[in-house]
Amino acid sequence: MSQLNVTTLNQQFAIPGQLEFTEDVSGLVLACIANKQAKSTISLQGAHVMSFEPVGEKPVIWLSPAAKLAPGKSIRGGVPICWPWFGAHATDSTFPSHGFARTVPWQVVASEALPDGSTRITFELPQSSIPSAQWPHACRVRNVVTIGKEMTVELITENTGQTMFEIGEALHTYFAISDVDQIRITGLEGCAYLDKVGDWQRKTQSGAITIAAEVDRLYVDTDSDCLIDDSGQKRSIRIAKRGSRSTVVWNPWVEKAAKMGDFGSDTGYRGMVCVESVNAAENVIKVAAGATHSLHVTYSIE
Ligand code: BG6
């Protein structure tokens with residue numbers, strides 16, 4: 001994207017003292033929010049939240065120190081948007097994992113300073129970013145991000161065509177934690193999950209989740225809040241969701257992180273955990289012609 005675009009974006013959507021647009025050395029355009037409650041950076045590629053830091057708090061969101069910002073590449077960390085499918089495509093393995101939305105340009109369509117002091121920015125997936133061979137359906141997709149004491153992210157899918165379509169999706173959020181040894185995740189006790197590390201076997205969660213090896217689990221039929229209780233940072237992160245019936249918990253652990261090559265140091269995986277608000281497997285969403293589906297997640301510290 002060119003400087004001209006950044007100038008135009010600033011003319012149309014900047015909010016003095018709250019929101020401005022800049023261009024990264026990689027050429028990616030970033031929306032930079034800093035208000036009295038928090039700061040955040042969001043890449044227009046993927047409408048991808050890269051950071052969220054409430055005033056007086058350590059970062060809530062993990063971004064790999066080795067994350068590569070480049071056109072067409074997904075960013076390791078932050079809040080990648082997986083859409084319109086989650087994981088591998090159901091029938092065509094040549095289509096990108098987790099869908100195309102995270103690696104294509106989105107447009108800014110609105111910005112707003114809210115009366116409570118938070119800042120809202122709305123992104124839309126332009127038609128030109130939708131590969132029709134992969135997604136031959138008429139739709140309008142928006143990502144509405146609100147940055148204040150809490151962060152909310154709302155992914156809205158509207159079916160503007162004449163026939164029903166089905167989507168899988170996720171807000172694939174990476175959280176910054178003190179160390180994997182120091183956290184437990186609650187909210188999924190008693191839930192059924194598909195264990196990707198165990199050949200997709202169906203299992204039942206007993207008790208809180210602790211992490212001491214690779215964890216890659218798709219919990220189904222759950223709309224519960226999750227809490228990441230981080231004794232090392234003496235805080236908990238609450239993930240409260242609506243319009244999501246699956247939750248993925250993921251930490252690649254040492255070998256997989258090393259293979260991925262963008263986790264930073266060889267202990268980089270220890271400072272993150274993904275707790276993803278998802279609709280996948282038996283929880284994919286049918287969106288009828290003319291209907292709208294919203295996946296809405298609030299992230300807060302307690
Ligand atoms: C998680 C999946 O959602 O995303 C994992 O459950 C996957 O299996 C991880 O490894 C990261 O995916 P990607 O495509 O960003 O490397």
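Order of appearance sets the numbers: ligands from 1, and atoms from 1 within every ligand. Along the sequence shown, residues are numbered consecutively beginning with 1. Computed from a predicted structure; not experimentally measured.
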Can you pull out the closest protein heavy atom to [atom]? Residue, atom name and distance to 0.1 Å, please.
atom: atom 12 (O) of ligand 1; answer: H98 NE2, 3.5 Å
atom: atom 3 (O) of ligand 1; answer: E276 OE1, 2.9 Å
atom: atom 1 (C) of ligand 1; answer: H172 NE2, 3.3 Å
atom: atom 10 (O) of ligand 1; answer: K256 NZ, 3.0 Å
atom: atom 6 (O) of ligand 1; answer: D216 OD1, 2.6 Å
atom: atom 11 (C) of ligand 1; answer: W250 CH2, 3.5 Å

Parallel, tilted or perpendicular: rings of [Y] and [X] (30°, 60°):
X: Y174; Y: H172; result: parallel
X: H137; Y: F165; result: tilted
X: F95; Y: H89; result: perpendicular

| field | Proximity flag R217 to ligand 1, non-hydrogen atoms under 4.0 Å | value | no
| query | Charged N to carboxylate O under 4.0 angstrom, E214 versus K259? | reply |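 Between K259 and E214 there is no salt bridge, as every charged N stays at least 4.0 Å from the carboxylate O atoms.
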| request: For F86, counting its heavy atoms only, list the atoms of ligand 1 lying under 4.0 Å from any of them. | output: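 Heavy-atom distances to F86 below 4.0 Å select 3 (O).
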| task | Go through ligand 1 atom by atom and flag the ones less than 4.0 Å from a non-hydrogen atom of M260. | result | 10 (O), 16 (O)
| said: Is it the case that the side chains of N279 and E169 hold a donor-acceptor pair, with the cut-off being a distance below 3.5 Å and no angle test? | reply: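 Yes.
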| task | Write out all pairs satisfying salt bridge (Lys or Arg N to Asp or Glu O under 4.0 Å) with one or both partners inside residues 62-90, taking only residues at least two apart or from two chains. | result | R76-D262
| field | Of all pairs that satisfy side chain to side chain donor-acceptor pair (under 3.5 Å), the ones with a partner from residues 39-58, not counting sequence neighbours | value | E57-R235
| message | Just to be sure I read this right, does ligand 1 sit under 4.0 Å from the backbone of R102, its side chain, both, or neither, counting only heavy atoms? | response | side chain
